[in-house]
Amino acid sequence: ADKASSNEAASNTEEVFKSQILFKGSSTLAPVIAKISTDFIEEYKTWDKVNKDFPNKSVDIFVSAGGSSAGVKAAMDGSSDFGMVSRAVSDEEKDKIKGYQEFKLGVDALTISVNPENKIYEVKKSLSTEEIQKIFSGEYKYWDEVEGSLPHEEIVIVTRDLGGGAHKVFKKKVMGDKKVREDAIQAPSMGALVTKIMENKNAIGYASYGMVNQNAGKIVPLDVDGIAPTKENIVSGDYKISRPLLIIKKGELLPQQKAFIDVLLSEEGMKTVEKMGFVPAK
Amino acid sequence: MKKSKYIGIKLWSVLSGIILIVLVLYINSYIFSKGACGLNINFLLDSPKGFPLGTEGGIFPAIVGSVCFTLVACFFASIIAIATAVYINFYCTNKKICGLIHIVIQSTSGIPSIVLGLFGYTFLVVYLNLGISLLSGGIVLGIMIFPFIEVRVEKALGEINNELIYASYALGVSKSYTFFKIILPMCFDEIISSIALAGGFAMGATAPIMFTGGIIHAPVPKSLFSPAMALPYHLYILIGEGISIENAYKTAFVLLLLLLALNSFGILVGLLRKEE
Amino acid sequence: MGVILETKNLTVSFDNKKILDNINIKIEEKKITAIIGPSGCGKSTFIKSLNRMIEEEINSRIFGEILLKGKNIREMDKEQVREKIGMVFQNPTPFPLSIYKNMIYAPVYYGIKDKEQLKGIIEEKLRLAGLYEEVKDDLNMKATKLSGGQQQRLCIARALTVEPEILLLDEPCSALDIKNTANIEEMLIKLSDKYTIVIVTHNLSQAKRIADSTAFIFNGEIVEYGKTKELFENPKNLRTQQYIEGIFG
Amino acid sequence: MGVILETKNLTVSFDNKKILDNINIKIEEKKITAIIGPSGCGKSTFIKSLNRMIEEEINSRIFGEILLKGKNIREMDKEQVREKIGMVFQNPTPFPLSIYKNMIYAPVYYGIKDKEQLKGIIEEKLRLAGLYEEVKDDLNMKATKLSGGQQQRLCIARALTVEPEILLLDEPCSALDIKNTANIEEMLIKLSDKYTIVIVTHNLSQAKRIADSTAFIFNGEIVEYGKTKELFENPKNLRTQQYIEGIFG
Amino acid sequence: MYKRLDKIFNIFIKGLTFSSIIMLSFIIIFIMKESISIFEKVSVFEFLLGKEWDPLGQPPSVSIFPMILATIYVSLLAVAIALPIGVGSAVFLTSILNKRMRKILKPSIDLLAGLPSVIYGLIGLLVFVKFFEVHFDFSSGESVLAGGIILSIMILPFIISTCDESMIKICKQYKSTSEGLGVSKYHMIRYLILPACKKSILAGVILAFGRAMGETMAVMMVIGNSPVFPKLFGKAQTISSLIALEMGGAGVDSLHYHALFAAGFVLMMILFLVNMLFHYMKKSIDM
Ligand SMILES: Nc1ncnc2c1ncn2[C@@H]1O[C@H](COP(=O)(O)OP(=O)(O)OP(=O)(O)O)[C@@H](O)[C@H]1O
Ligand SMILES: Nc1ncnc2c1ncn2[C@@H]1O[C@H](COP(=O)(O)OP(=O)(O)OP(=O)(O)O)[C@@H](O)[C@H]1O
Ligand SMILES: [Mg+2]
Ligand SMILES: [Mg+2]
Ligand SMILES: O=P([O-])([O-])[O-]
């Protein structure tokens, strides 16, 4: 299964037609692609239904998580066809991927979210960047240090692991030089992070905007510097902790890959992105 | 006075025994009770659905994927394990080489499964370009269970009366003839049950396939080169991401049933042969 | 009659410990040769080296020559040697198969496929071993269900199925009672019409009863070798004399 | 001297197969009584029933009475019986602990805690068993590292630590060489000053050498019982005569 | 015909054995090779004994001392919990239960050993972690304690089966002797079986310790995964959970990647030593 050679020979000879597409990377994006691909597979089942020129082979689209860096890495080393990345790809990384291509699906924001049992959103709806820094770096250890009327209970920080795109974005846009305290809980995925906040009444973490929408009521986003994480604010860029949702690729697209990407970027695809709680690119 | 002196020991052992029994009962009934209710045929035969994926639908691709991983692992591991055991028992005439082989097997059994996964990812997936696939994951699982099978088969072969084997050699027949006609039939059941038991370990393992073959969403695998879902990994995702605790219980239950079936298969083979 | 088997300076060691030291012996064709000696003196080692079974033991080393009709057996194929020189062990070793399958085990290996022919061989050899009448109706019974004496006779019959020229027996009767022993002794005498027999025994009266020649091994060396009658009645060596008088061993 | 132990119609069966049949015997105090008989006749079964060890075997059934100084032992506490009637087995069974711990094993159970007192007991009993001089500097050595003879003497010394009145020995020398056997025989004769000894032996000359009385058991029955000298020189029963002449068994 | 078959079989067996042995040795060497290059950038000392793990920071720092400590800490904790229960259960199985009951209970212990670690993780997360959060007022239930408890259940079968084996042996061998001295069953347990099984118990502990250190999923799900110095009620990260969590995102040939490999290598070496110790113990017991 050598990708370079199949690339050239892809001119519709049946033997080398690659019916499988593998996505790997961002745990934020993985559920979205998984959803769209199941719909896609259900609709077409075999490639010849997608396009008459394709052979009669079943459509196999695989989705694997691991974090945005894993997506970049997988695109780089060729262990998957596409990388899913929910942060900006650095120039350095782009240089390492030959024939780099990216497709933007939408925009996500990191909301500073807490458990609904935490009454902070009633007394103090907005946190300043500085306060967030202090909470995440461990300068504030108890909730009553953040706001006097809150109980004297320990703050539980939930973060993504270092491979997650969210962590990089959060570090860059909020923390600056400061370090996130080391005894934070490292969740292996965005889903795990949100789950932890929903389960622990003292938890705070940077939950994805999409996830907040999916779990409305079970998790409460706070404003940052007085700006609420709403669709408008995110699009306008007023809400500062936002990030792009990207699909990246090394080298040229095969025709069947293009067919699927077209679906992703189509109006239908965008609707799904929106339905999942994210801000679609178009 | 004599009696009271030992009350401590009595209490301690009985208490430990009770803790043990309670643990066994609790863990099993926990999974069984939470998993068995609401389990229906659709859950077994459907693919994961809903958003996020897994909240609805079933786990069919994961069941098939797990079975495939296990088959690949067992196939791969049992061939080399049996060959090695046969070599040590019947071909190796040099103690030093035997010792060396044992050391290598020992060291392999000491490699933590996550490190094996690490190796599998770098070497099989990236260098050898096998991709994230059933094959890569199966091979890593195979390496993981290889020592287990080897040790048991070697023991089973070693327990065969040497005189019997010599009696066969003394008739002027070859080693392979002896092996297939006498040795293999004698410890066939032991070999099968070791493989079944090892298969159970492979089926329950997550760490080795996390980077090498198991992924969060895939249809039923169609070739050795496609990646696949696996029950334990799916279970991990379901709990870890808080997708659906209810489905997680059901998945755990199904996994447990599969393991139970695998083990009883091994035992059954043994029983059937004894009856003969 | 001629010499069929001859060892020249045969020396065997395990882990560099010499077990057999410079053995020179000539074994006569179609006679019974008995090997006697105290426990651990190397009798089994000696007899095992005659059909190269000793090479299966880990860490065994063999020096010297063993000539079968003048041909060095170590230059022959192992399997061929064992086809010509059969062996029966101390404990009966029937394979855990039916009697029938035990008997056809070797012939099938040597390429005999015809059912009738196989049946012929089985009957002939079982008769030779005096077992045929006892088992002819139960050929499909598991061989391990036979009595000890029957098992041992089956093993001898099985060894004969490859048509060896020489039959080596390592204390074949030590696990058997008097009646079975008598049966087997009788059979061996009959067999010596057709086969050369070498038998290790710790039972001196057995050697006296059946052997034409007897070799006395002590500490890995052949102390005395000659006609059985001669050796028992007029031992030339003091050790031999002491041994057959029961003073040691 | 008086009778210390007496069986009345003692019958033991395993799985409804009678192994001992109606045994009536009186064992004299501070004497050595030997039990002889062919293998499988029930010697071990008999001696094991004397301290109720036989009850530990599943499927054993016991009928009749065993009286220790007139008291039925089956109405006593099992452990108390064994405290009074010690036992030593055929193969030496030192516990895989140090010699010291082997020796204090039972005394600690019977409530002796004082270190000095324990030391006193150890020295006394080891001396009685003729082992003290050999091991006094190595009391912390593993008992399993002792030689076979030393191990057996240790087991006897250990049996003595509970201060039994009777010591039962089941072929205590069968695993030992001549020198160790002589040691133990000498020791037993010395011990009979203080203890009643019942010894099972398959070595007739041993019985002759040390026993005051001897009982010959055959097929689960006592065929003859009397003074040792009498029994060996003038056996009244034909079977006894045949057995001591070595005609069977 | 069978001769030709024999030749093929011969080549097949030898070929497979040697290729598998070479392959296995290759794995070990490969892991070593992938690890070594980290030490061009960081000293061994710094890697093993430094305090901070931040491979993506500027400047990056890679030290796995907290993880090594955490790995040892949870494993020791697990052993400390499992040891008394395990040995007690072994005594219970061999000396108190009758044969029939033992026959019933034995397979269920095997069942415990055969449960996949994710299922243990699930129970850990949904039972213990929850329990700590609700009843003990932990700020978060993820803790070294939770990891230790889950691991202790996982290693219990190993301790039981090693002890059980030698206890049965000792019991069989010396039961009648001990009974002959008129002492009770419990005296025999206390003064004979337990002292005589000391080495087996130790061997069981070492084996179990090794298993605990190599475990990944169950621990990763309940321990919180913070690369800090471990405290009983605090979060921590073991070497294996570090690898499982971060390997997915570490770019091939990056510093991060080699550091993770080196962490795996260190774990492997520790386990290797532990296993050697186990085999040494086992040998000296058999003698
Ligand atoms: N595989 C082996 N490795 C090392 N030593 C061995 C081996 N086989 C036999 N020996 C040693 O060689 C010596 C001779 O053994 P052998 O079996 O030939 O004696 P034997 O005369 O047949 O004794 P027995 O009458 O007891 O059968 C013995 O001291 C034995 O310990
Ligand atoms: N637990 C048991 N269950 C059934 N049968 C038994 C049991 N123990 C002994 N026997 C049988 O009881 C008979 C007498 O055995 P016992 O051990 O008393 O003989 P023995 O005279 O001591 O023989 P030896 O001299 O060989 O020690 C034997 O036939 C034996 O098979
Ligand atoms: Mg021999
Ligand atoms: Mg006896
Ligand atoms: O979406 P992420 O997993 O890269 O944070």
Side-chain angles (χ1 to χ4, degrees), chain B residues 2 6 9-10 12-17 19-21 23-24 27-28 30-31 79-80 83-84 86-87 91 101 104-108 110-115 118-119 121-123 126 143 174-177 179 200-201 204-207 210-211 232 235-236 239-240 245 248 252 255-256 259 263, chain E residues 2-3 5-6 9-10 12-14 16-17 20-21 24-25 27-28 30-31 34 84-85 88-89 91-93 96 105 108-109 111-112 114-119 122-123 125-126 153 156 184 186-187 189-190 210 214 216-217 221 240 243-244 247-248 252 260-261 264 267-268 271-272 275 279:
Chain B
K2 252 186 230 163
Y6 301 101
I9 289 202
K10 201 170 181 174
W12 164 54
S13 61
V14 170
L15 218 64
S16 315
I19 292 179
L20 177 72
I21 294 171
L23 265 179
V24 171
I27 292 181
N28 288 297
Y30 183 82
I31 303 288
I79 284 185
I80 60 171
T84 309
V86 168
Y87 179 79
Y91 284 88
I101 294 177
V104 173
I105 292 169
Q106 278 308 329
S107 324
T108 315
I111 303 178
S113 56
I114 185 70
V115 177
L118 206 60
F119 163 79
Y121 176 73
T122 310
F123 187 69
V126 182
I143 296 171
S174 64
K175 280 185 183 176
S176 58
Y177 190 76
F179 178 75
F201 286 144
T206 314
M210 239 179 356
F211 310 130
L235 174 57
Y236 169 66
I239 322 164
I245 300 296
L255 178 57
L256 221 58
L259 291 178
N263 285 351
Chain E
Y2 286 107
K3 293 218 163 138
L5 215 90
D6 190 51
F9 186 69
N10 201 339
F12 183 73
I13 291 287
K14 286 186 182 164
L16 270 178
T17 304
S20 65
I21 291 306
L24 295 177
S25 327
I27 294 176
I28 297 164
F30 184 86
I31 295 169
E34 290 292 304
I85 300 176
S89 303
V91 171
F92 182 74
L93 280 176
I96 294 180
L105 206 57
S108 58
I109 295 174
L111 197 70
L112 213 55
L115 279 186
S117 57
V118 249
I119 291 194
L122 173 140
I123 291 170
L125 197 64
L126 298 178
I153 302 176
L156 201 55
S184 73
Y186 294 99
H187 185 78
I189 294 171
R190 162 71 183 79
T216 311
M217 299 310 290
M221 288 163 80
S240 47
I243 300 171
M247 189 56 202
V252 175
L260 288 175
F261 252 104
L267 179 61
M268 202 168 94
L271 281 181
F272 186 70
N275 282 343
H279 283 283

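Labels below follow one simple rule: chain letters A, B, ... track the order of the sequence lines, proteins then strands, and each chain is numbered from 1. Small disclaimer: the values here were computed from a predicted structure and weren't measured.
- Residue B:Ala83 comes nearest to E:Thr17 through the heavy atom pair O-OG1, 3.3 Å, listed as atom of the first residue, atom of the second, then distance.
- Using cut-offs of 30° and 60° for the angle between ring planes, the B:Tyr6 and E:His187 rings count as perpendicular.
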Carefully, step by step, assess E:Ile28 and B:Ser107 under the rule side chain to side chain contact (heavy atoms under 4.5 Å, CB included). CA-CA 8 Å; E:Ile28 297 164; B:Ser107 324; 3.8 Å; yes

Using the rule given for side chain to side chain contact (heavy atoms under 4.5 Å, CB included), can you reason through E:Met221 versus B:Tyr236, listing the C-alpha separation, both sets of side-chain angles and the distance that settles it, and then say yes or no? CA-CA 9 Å; E:Met221 288 163 80; B:Tyr236 169 66; 3.7 Å; yes

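- The two residues B:Leu118 and E:Leu260 come nearest to each other via the heavy atoms CD2-O, 4.1 Å.
- At least one side-chain heavy atom of E:Leu156 sits less than 4.5 Å from a side-chain heavy atom of B:Leu23.
- Distance check: B:Ile114 CD1 to E:Leu267 CG gives 10.0 Å after rounding to the nearest 0.5 Å.
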B:Ile21 vs E:Phe92, test: side chain to side chain contact (heavy atoms under 4.5 Å, CB included). Steps then yes/no. CA-CA 11 Å; B:Ile21 294 171; E:Phe92 182 74; 4.2 Å; yes

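- Looking at E:Ser25, both its backbone and its side chain come within 4.5 Å of chain B, counting heavy atoms on both sides.
- Counting heavy atoms from C-beta outward, B:Tyr30 and E:Leu122 have side chains that approach closer than 4.5 Å.
- Looking at E:Ile85, both its backbone and its side chain come within 4.5 Å of chain B, counting heavy atoms on both sides.
- At least one donor-acceptor pair under 3.5 Å links the side chain of B:Trp12 to the backbone N or O of E:Pro84.
- Minimum heavy-atom separation, B:Gly204 to E:Val118: O-CG2, 4.2 Å.
- Between E:Ile109 atom CD1 and B:Leu20 atom CG the span is 5.0 Å, to the nearest 0.5 Å.
- Two residues are said to be in side-chain contact when any heavy atoms from C-beta on lie closer than 4.5 Å; E:Pro116 and B:Leu255 meet this criterion.
- Of all heavy-atom pairs spanning B:Tyr91 and E:Asp6, the tightest one is OH-OD1, 4.4 Å.
- For B:Leu259 against E:Gly114, the heavy-atom pair with the smallest separation is CD1-O, 3.9 Å.
- Closest of all the heavy-atom pairs between E:Ile243 and B:Phe211 is O-CZ, 3.8 Å.
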Dump the intermediate steps for side chain to side chain contact (heavy atoms under 4.5 Å, CB included) on E:Phe261 and B:Val115, then the final yes or no. CA-CA 8 Å; E:Phe261 252 104; B:Val115 177; 5.9 Å; no

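- The side-chain heavy atoms of E:Thr216 and B:Pro112, taken from C-beta on, include no pair separated by under 4.5 Å.
- Using a distance-only test at 3.5 Å, with no hydrogens or angles considered, a donor-acceptor pair links the side chain of E:Ser89 to the main chain of B:Ser16.
- Contact of E:Ile31 with chain B is made through the side chain alone, with heavy-atom distances under 4.5 Å.
- Contacts of E:Ile21 with chain B are made by both backbone and side-chain atoms, with heavy-atom separations under 4.5 Å.
- Atom CE of E:Met217 and atom CE of B:Met210 lie 4.5 Å apart (nearest 0.5 Å).
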